[in-house]
Each structure stands twice: as C-alpha cells, then as structure tokens.
S.K.: 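Handing you this structure, nothing more for now.
From a predicted model like this one, the values you see are computed outputs, not experimental measurements. Below, read A as the first sequence line, B as the second, and so on, with proteins coming before strands; counting in each chain starts at 1.
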Amino acid sequence: METNKNEAITSRDIDFAQWYTDVCRKAELMDYSSVKGFIIYRPYGYAIWEQIQNYLNQRFKSIGVQNVYMPLVIPESLFNKEKEHVEGFAPETLIATIGGKSKIDDPLIIRPTSEVLFCEHYAKIISSHRDLPKLYNQWCSVVRWEKTTRPFLRGSEFLWQEGHTIFATEEEARDNALGVLDIYDDLGKDLLAIPFVKGLKTDKERFAGARETYSIEALMHDGKALQSGTTHYFGTGFAEAFGIAFQGKDNILRHPHQASWGVSTRLIGSIIMVHGDDNGLVLPPHVAPIQIAIIPIQQNKDGILTKAEDIRQRLEKAGFRVIVDQSDRTPGWKYAEYEMKGVPLRLEIGPRDLEKGQVVIARRVDGKKEIVPDGEIEREVGRLLAEAHEEMYRKAQDFLKSHIVPVNSVAELKRVVDQGGYAKMMWCGSRECEDKVKDLTMATARCMPQGDQHHFGEKCAVCGAKAEKVVYFAKAY
RNA sequence: CGGGAUGUAGCGUAGCUUGGUAUCGCGUCUGCUUUGGGAGCAGAAGGCCGCAGGUUCAAAUCCUGUCAUCCCGACCA
C-alpha cells in the first residue's frame with residue numbers, strides 16, 4: 001500500500017503546519033489510528049526511536065542506570081498521595097472503571113507518568129543507606145488525555161523513557177538531574193544534530209511536584225520553541241508523601257532525595273522541524289534508519305545489480321545501514337522517494353560508472369554529488385556521513401544563535417517572538433511579570449539558560465525592578 | 001474545551017443545491033517495452049459515500065446525533 005508521492009508536499013513557507021503533517025505521513029513515519037491522539041508508529045518512524053533508545057541506554061548504563069518496567073495502571077487512591085502532582089495531572093488522566101463485567105471500586109488510572117509507582121516501590125525496598133542510591137529507568141508509553149493533538153508533538157499516548165532516581169543527599173539528586181540534562185544535550189550534539197538551549201525552568205513552568213525542573217529546548221524552523229526533554233530535582237516531597245525513609249550511618253532516619261527525567265518521541269518532531277526542507281525529511285546520519293540508499297541504474301544490464309549488492313555488503317560490513325532498491329521504479333522516482341524519507345546519502349551505480357570503476361554519491365543535506373572511485377567507497381561514505389552531521393549541526397546552530405535576541409522591553413520582546421526565536425530578557429523573577437509577558441505576547445518563559453546568565457542590564461524589562469535572572473521567552477509548541 | 005473547515009477506492013477528487021445505486025486522476029495488479037531526476041502502451045481488480053439513527057417506494061445527496069482529521073484560540077512532554 002504505497003501512498004502517492006507524486007504530489008509535492010506543501011512548502012514550509014506557505015504552511016508550516018501542513019508541511020509538517022505531509023512529511024510525517026509521506027515519509028511513512030506514522031499513520032493515524034481511529035482514536036484521536038493515538039498514532040501508529042510505522043517501521044521507519046519507530047526505527048528512529050530505536051536509534052535514540054540505543055544511544056540513551058548506553059549513556060544511562062554508563063552512569064549506573066538500570067532498566068525496569070512498572071505497571072500500566074495506577075490505583076486512583078495511590079495517585080492521590082502527592083497533592084501538587086495530582087493537581088498537575090488530574091485534568092488529563094484516562095481512567096479505567098470496569099474490569100471484566102464488574103465495576104472497579106478503586107478506579108485505575110492509565111499512567112500519565114509513573115512517579116507514584118516508583119515511589120511506592122522504593123518505599124518497600126529502601127530502608128538503609130546501603131540501599132541507596134537507586135537509578136531506575138523505564139521505556140514505556142504514557143497516556144494524557146490531550147485536547148489538541150499532533151503527530152509526535154502532542155499525542156494522547158506517546159512513547160518515552162522515564163528515569164526515577166533516589167539518593168541519600170540533595171547534592172547527589174541534583175547532580176543526577178543536571179548530569180542527565182547533559183546527556184540529553186549530548187544526544188542532540190552526537191545523534192540528532194540539534195543544538196539545544198538548556199537551563200532551569202521558571203516556577204510557573206516547573207513540573208507538578210518538583211522543586212526544580214530543567215529542560216532542553218530546541219528551536220524549530222518556524223521560530224517556535226519545542227521543549228524536547230526535562231529533568232527534575234524533587235527534593236524529599238515525594239519521599240515524605242510515600243513514606244520512603246532510610247537509616248543513615250549515624251543511625252538517624254531520613255527521607256531520601258529524588259530526581260526524574262525523560263525524553264519522548266517528541267524528539268522525532270524536533271528532528272523533522274529542525275532539519276526538514278521542502279523536499280521532505282532530512283535525517284541526521286546517526287539516527288537515520290537507512291544511511292545510504294543504493295540506486296541501480298538500468299539494473300537489468302549485466303553486472304549492475306551484482307555490483308550494487310557487492311557495494312551494499314561492503315558498506316554493511318563497514319558498519320553502515322544501507323539498502324539497495326531493486327524495485328522496478330525509475331531512478332528518478334527512487335531519488336525523490338529517498339529524499340522524501342531523508343536518507344543522508346544516495347549512491348548511484350549505472351553502466352557508465354561500472355565501466356569507469358566508480359559510483360556517484362549525492363548528499364541529502366545540500367544535494368551535492370561526488371564521483372567516488374570504487375575502492376574508496378567505504379572511506380568516502382564515512383567521511384560524507386560525518387560531514388553531513390557536522391553540516392546539519394552547524395546550520396541548526398547558526399539558525400539558533402541568530403534567533404536569540406536580547407530585548408529591553410515587552411514591546412521589543414513581542415517583535416522578536418512574533419518573528420520567531422528567543423527573546424533574551426533581564427527579569428526580576430516575579431510571577432506577575434512572567435504572566436504579563438504571556439498575556440501581551442503569547443510567549444512563555446522557556447528557561448533560564450545555563451551558560452548564558454551574563455547580566456546585560458540592571459532592571460527587569462517588564463517592571464523595572466532589580467533584575468535577578470536572564471530568561472528566554474519564545475512561542476512554543 | 002470554544003470558533004472555523006472537512007470526511008466518497010490506498011491517495012487526491014466529481015456528484016449533494018434539485019434523492020433514482022458513484023465520476024475522474026494518481027497509485028495497485030498482469031504483460032511487454034523502458035531505466036542517469038517522480039516512464040510508455042495494453043488489459044484488470046478495487047466502494048457498508050466516516051459511523052449510527054431518522055424521513056422516503058428509493059439516501060452519497062435531506063434531517064438528527066456521533067466519531068475522526070485539519071486550521072485558529074485557551075490548557076499541557
């Protein structure tokens with residue numbers, strides 16, 4: 001069941017939202033299901049997620065994280081234990097009230113996040129300082145009954161990882177939250193070719209139940225920000241609510257400190273909207289499920305397919321993800337198809353190439369073609385993929401940097417965010433000023449960035465009081 | 001959850017005002033010829049007209065409800 005590729009996708013500049021939807025469907029990343037907000041992750045889209053999982057599993061394990069799996073459902077009575085947390089999620093929970101044919105007395109919440117399940121478990125298994133720390137993570141899906149949904153960006157169900165860690169001291173827990181934030185930042189640099197702004201969330205934007213929330217924020221091509229991952233320091237609030245305590249070496253009973261952190265399939269949305277162009281998806285080489293698509297030209301002629309297959313095997317042996325498209329579509333059709341799907345490199349092999357002992361390699365990121373001698377294919381593919389990653393990261397970083405603009409008034413801020421990008425503002429830290437900006441401009445405080453807290457003014461750009469923080473505002477998804 | 005739009009074959013659509021059993025293009029299948037930027041010819045298959053009620057001799061068409069998708073707001077990864 002192929003969809004029709006002949007119709008051009010909507011141009012980004014004409015209708016960015018429509019372009020996004022077109023790419024999601026025509027690149028075969030997902031399909032809609034019959035229930036609002038629940039999407040089908042098709043093989044090509046899921047394979048991108050698997051690359052992200054592989055990277056993070058490796059990084060998580062290097063800091064001592066263990067994978068676990070918690071139940072899908074949470075009894076409502078358990079969920080209600082931490083007050084702020086409940087209030088944060090209550091409006092968007094899906095609840096099961098019937099089991100078999102009988103009514104369930106304590107209704108079961110389909111997890112919107114699993115804090116309370118981890119806490120309940122931790123309360124049982126932690127009693128001594130010897131039981132700490134615990135660094136658990138789970139890969140699962142969660143359900144939040146969303147009003148507006150968009151593929152990958154906001155779904156009623158989405159896939160994610162949620163890490164829930166617990167430590168003896170505040171310092172360790174906060175270090176964990178910050179350390180994983182750095183891992184997420186590396187994920188952007190190493191895998192996704194996406195530069196993030198990372199920093200501390202304002203109190204208003206903080207996660208329900210957390211003491212501190214940190215986030216990585218990506219800037220989409222249309223100038224809107226997308227929160228792409230969060231980490232939280234919880235303090236001892238959950239531990240107190242759930243009765244988690246440990247006896248220290250000093251024989252005193254204490255509550256441990258917790259952190260949690262997660263990224264979701266929303267990252268796929270980030271990849272699409274940061275790198276994509278009017279020809280479709282552009283995948284960063286390290287997440288691309290297919291890194292090289294080999295297109296045989298006049299494939300019925302002697303030796304062409306044999307050569308293509310030989311090259312495929314050589315590249316696979318060298319560690320690349322590669323396919324040969326032997327279907328009987330025309331070469332032009334295949335070019336367009338793999339461009340739509342964002343495959344980083346296309347390798348053409350035809351009679352002329354065979355004769356001269358060479359191939360043609362075209363890069364998705366800029367369309368440039370190179371002629372490569374047969375004997376150098378493995379090496380050149382490695383170089384071209386590395387260059388493509390660098391090029392994509394550099395382009396995204398240039399775009400990000402040129403869209404962070406310091407402002408000294410709400411009027412200036414509005415101009416910046418209306419045009420697209422981050423307005424960088426000095427802020428007194430009050431909720432009133434934050435709310436006022438949102439009311440007047442539709443922009444929200446994305447974060448107070450790490451590494452960009454150099455004060456460039458004395459006064460809050462909203463109220464004129466003494467400025468405490470540098471904060472970035474943007475319109476967000 | 002408010003405002004607007006739309007659901008007809010895998011995709012895009014005509015038909016709806018004025019009820020009579022669904023049009024066209026692409027895709028799919030078969031065969032031959034093709035192949036360096038979305039191939040050509042010939043033949044074929046494919047439809048609970050989103051779903052559920054109602055009106056009627058008769059409903060894609062009229063009425064009611066419902067579900068989903070898209071866009072714009074309010075709320076959130």
S.K.: Which value, in whole Å, describes the distance between the P atoms of nucleotides B:U23 and B:A44?
M.R.: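 It works out to 15 Å between them.
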
S.K.: By nearest atom, which of the nucleotides B:A77, B:G36, B:U35 is closest to the A:Q298 side chain?
M.R.: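 The nucleotide sitting nearest to the side chain is B:U35.
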
S.K.: Classify A:K438 by what it touches in the nucleic acid, base, sugar-phosphate, or nothing, heavy-atom distance under 4.0 Å.
M.R.: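 If one applies the 4.0 Å heavy-atom cut-off, A:K438 turns out to touch the sugar-phosphate alone, with no base involved.
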
S.K.: Looking across every strand, which nucleic acid part, if any, lies under 4.0 Å from A:G262 by heavy atom: base, sugar-phosphate, or nothing?
M.R.: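 Nothing, no heavy atom under 4.0 Å.
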
S.K.: Base, sugar-phosphate, or nothing: which does A:Q227 touch, judged by heavy atoms less than 4.0 Å apart?
M.R.: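 Touches sugar-phosphate only.
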
S.K.: Begin with the C-alpha distance, continue with both residues' side-chain angles, and end with the deciding distance and a verdict on ring-ring contact (aromatic ring centres under 6.0 Å, His included) for A:F234 and A:F167.
M.R.: CA-CA 11 Å; A:F234 281 141; A:F167 304 89; over 10 Å; no

S.K.: Rounded to whole angstroms, how far apart are CG on A:N300 and P on B:A39?
M.R.: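 So the two atoms are 16 Å apart, to the nearest Å.
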
S.K.: With both distances under 3.5 Å as the test, what is the Watson-Crick or G-U wobble partner of B:G19?
M.R.: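 B:G19 is unpaired by these criteria.
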
S.K.: Looking only at atom P, what distance separates B:C51 and B:U61, rounded to whole Å?
M.R.: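 The same atom, P, in both gives a distance of 11 Å.
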
S.K.: Give the nucleotide from the list B:C76, B:G36, B:A74 with an atom nearest to the side chain of A:Y335.
M.R.: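 Selected nucleotide: B:G36.
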
S.K.: Roughly how many Å is it from CD in A:E84 to P in B:C76, rounded to a whole number?
M.R.: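 It works out to 14 Å between those atoms.
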
S.K.: To the nearest angstrom, how far is A:Q299 atom CD from B:A39 atom P?
M.R.: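 Rounding to the nearest Å, CD of A:Q299 and P of B:A39 are 13 Å apart.
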
S.K.: In whole Å, what separates the P atom of B:U55 from that of B:A60?
M.R.: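 Here B:U55 and B:A60 have their P atoms 16 Å from each other.
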
S.K.: More 5' along RNA chain B: A:G350 or A:M442, using each one's nearest nucleotide?
M.R.: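 Nearer the 5' end of the strand: A:G350.
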
S.K.: After noting the C-alpha distance and the side-chain angles of A:S215 and A:Q227, does the key distance pass the side-chain hydrogen bond (donor to acceptor under 3.5 Å, both in side chains) rule?
M.R.: CA-CA 7 Å; A:S215 74; A:Q227 179 175 308; 4.8 Å; no

S.K.: Would one find a side-chain N or O of A:S264 under 4.0 angstrom from OP1 or OP2 of B:A77?
M.R.: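 No.
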
S.K.: Can you find a side-chain donor-acceptor pair between A:H164 and A:S260 that sits under 3.5 Å?
M.R.: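 Note: A:H164 and A:S260 side chains miss the donor-acceptor criterion.
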
S.K.: Can you tell me, in whole Å, how much space there is between the C1' of B:G4 and that of B:G43?
M.R.: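 Here B:G4 and B:G43 have their C1' atoms 46 Å from each other.
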
S.K.: Does A:E146 pair with A:R154 as a salt bridge, N-O distance under 4.0 Å?
M.R.: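 Between A:R154 and A:E146 there is a salt bridge, with a charged N closer than 4.0 Å to a carboxylate O.
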
S.K.: Pick base, sugar-phosphate or nothing for A:E339, based on heavy-atom distances below 4.0 Å to the nucleic acid.
M.R.: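 Touches a base.
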
S.K.: Apply the ring-ring contact (aromatic ring centres under 6.0 Å, His included) test between A:W49 and each candidate in A:W160, A:W139, A:Y55; give the one that qualifies.
M.R.: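 Going through the options one by one, the only one that passes is A:W139.
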
S.K.: For A:R111 and B:A77, what is the distance between atoms CZ and C1' respectively, to the nearest whole Å?
M.R.: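 Nearest whole value for this atom pair: 15 Å.
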
S.K.: Taking atom P of B:G27 as reference, at what distance in whole Å does atom CH2 of A:W333 sit?
M.R.: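 Result: 10 Å.
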
S.K.: Write down the partner of B:A45 under the Watson-Crick or G-U wobble criteria, each distance required to be under 3.5 Å.
M.R.: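 Looking at the geometry, B:A45 pairs with no nucleotide.
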
S.K.: With rounding to the nearest 0.5 Å, note down the distance linking CZ in A:F152 to OH in A:Y41.
M.R.: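 If we round to the nearest 0.5 Å, A:F152:CZ and A:Y41:OH are 6.5 Å apart.
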
S.K.: Relative to A:Y472, does A:R446 satisfy both conditions: NZ or CZ under 6.0 angstrom from the six-membered ring centre, and within 45 degrees of the ring's axis?
M.R.: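 Verdict for A:Y472: no cation-pi partner in A:R446.
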
S.K.: Between A:I297 and A:T230, just flag the one whose closest nucleotide in RNA chain B comes earlier from the 5' side.
M.R.: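 This one resolves to A:I297.
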
S.K.: Output yes when A:E370 and A:R383 qualify as a salt bridge under the 4.0 Å nitrogen-oxygen rule, no when they do not.
M.R.: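 Answer for the salt bridge query: yes.
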
S.K.: Using a heavy-atom cut-off of under 4.0 Å over every strand shown, decide if A:V142 touches base, sugar-phosphate, or nothing.
M.R.: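 The answer is nothing, as A:V142 stays clear of every strand by at least 4.0 Å.
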
S.K.: Under 4.0 angstrom, heavy atoms only, what part of the nucleic acid is A:P351 near: base, sugar-phosphate, or nothing?
M.R.: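 If one applies the 4.0 Å heavy-atom cut-off, A:P351 turns out to touch a base.
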
S.K.: Base, sugar-phosphate or nothing for A:D328? Non-hydrogen atoms, less than 4.0 Å.
M.R.: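 Answer is nothing: A:D328 stays at 4.0 Å or more from every strand.
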
S.K.: Does B:G7 have a Watson-Crick or wobble partner in any strand here, with both distances under 3.5 angstrom, and which is it?
M.R.: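 For B:G7, the partner nucleotide comes out as B:C67, under the 3.5 Å rule.
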
S.K.: When both hydrogen-bonding distances must be under 3.5 Å and the geometry is Watson-Crick or G-U wobble, what is B:A74 paired with, if anything?
M.R.: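 For B:A74, the partner nucleotide comes out as none, under the 3.5 Å rule.
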
S.K.: Kindly confirm or rule out a cation-pi arrangement of A:K198 over A:Y184, judged by NZ or CZ under 6.0 Å from the six-membered ring centre and within 45° of its axis?
M.R.: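 Checked: cation-pi criterion not met.
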
S.K.: From NZ of A:K356 over to P of B:G36, roughly how many Å is that when rounded to an integer?
M.R.: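 Taking NZ of A:K356 and P of B:G36, I get 16 Å after rounding.
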
S.K.: What integer distance in Å separates A:D435:CG from B:A74:C1'?
M.R.: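 Value for this atom pair: 15 Å.
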
S.K.: Of the nucleotides B:A74, B:G37, B:A39, which has the atom closest to the A:T330 side chain?
M.R.: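 Looking only at heavy atoms from C-beta outward on A:T330, the closest nucleotide is B:A39.
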
S.K.: Roughly how many Å apart are B:G2 and B:C16, using the P atom of each and rounding to a whole number?
M.R.: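 Rounded to whole Å, the distance is 33 Å.
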
S.K.: Are any of the side-chain nitrogens in A:D435 or A:K438 under 4.0 Å away from the carboxylate oxygens of its partner?
M.R.: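 No, A:D435 and A:K438 are not salt-bridged.
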
S.K.: Generate the contact string for nucleotides 65-72 of chain B. Rules: B means base contact, S means sugar-phosphate contact only, - means no protein heavy atom under 4.0 Å.
M.R.: ---SSSS-

S.K.: When the P atoms of B:U8 and B:G40 are considered, how many whole Å apart are they?
M.R.: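 Their P atoms lie roughly 27 Å apart.
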
S.K.: Checking all strands, does A:L226 fall into the base, sugar-phosphate, or nothing category for heavy-atom contacts under 4.0 angstrom?
M.R.: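 Here A:L226 touches no strand at all.
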
S.K.: What is the distance from CZ of A:F152 to P of B:C76, rounded to the nearest Å?
M.R.: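 My rounded result for the distance is 24 Å.
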
S.K.: Could you give the distance separating B:G47 and B:A5 at their C1' atoms, to the nearest angstrom?
M.R.: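 Roughly 25 Å separates the two C1' atoms.
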
S.K.: Please determine if a side-chain N or O atom of A:R346 lies less than 4.0 Å away from the OP1 or OP2 oxygen of B:G36.
M.R.: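 No, A:R346 has no side-chain N/O under 4.0 Å of OP1/OP2 on B:G36.
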
S.K.: Hey, is the side chain of A:E337 pairing donor to acceptor with the base of B:G37 inside 3.5 Å?
M.R.: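 No such pair is found, so the answer is no.
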
S.K.: Would you compute the distance between atom NZ of A:K134 and atom CZ of A:F118 and round it to the nearest 0.5 angstrom?
M.R.: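 A:K134 NZ to A:F118 CZ: 13.0 Å, rounded to 0.5 Å.
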
S.K.: Please give the nucleotide sitting opposite B:C32 as a Watson-Crick or G-U wobble pair, both distances under 3.5 Å, or none.
M.R.: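 The answer is B:G40, by the H-bond criterion.
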
S.K.: Rounding to an integer number of angstrom, what distance separates B:A45 and B:U30 when you compare their P atoms?
M.R.: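 Those two atoms are separated by 15 Å.
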
S.K.: For the side chain of A:R154, counting heavy atoms from C-beta on, which of B:G36, B:U35, B:A77 is nearest?
M.R.: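 Nearest listed nucleotide: B:A77.
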
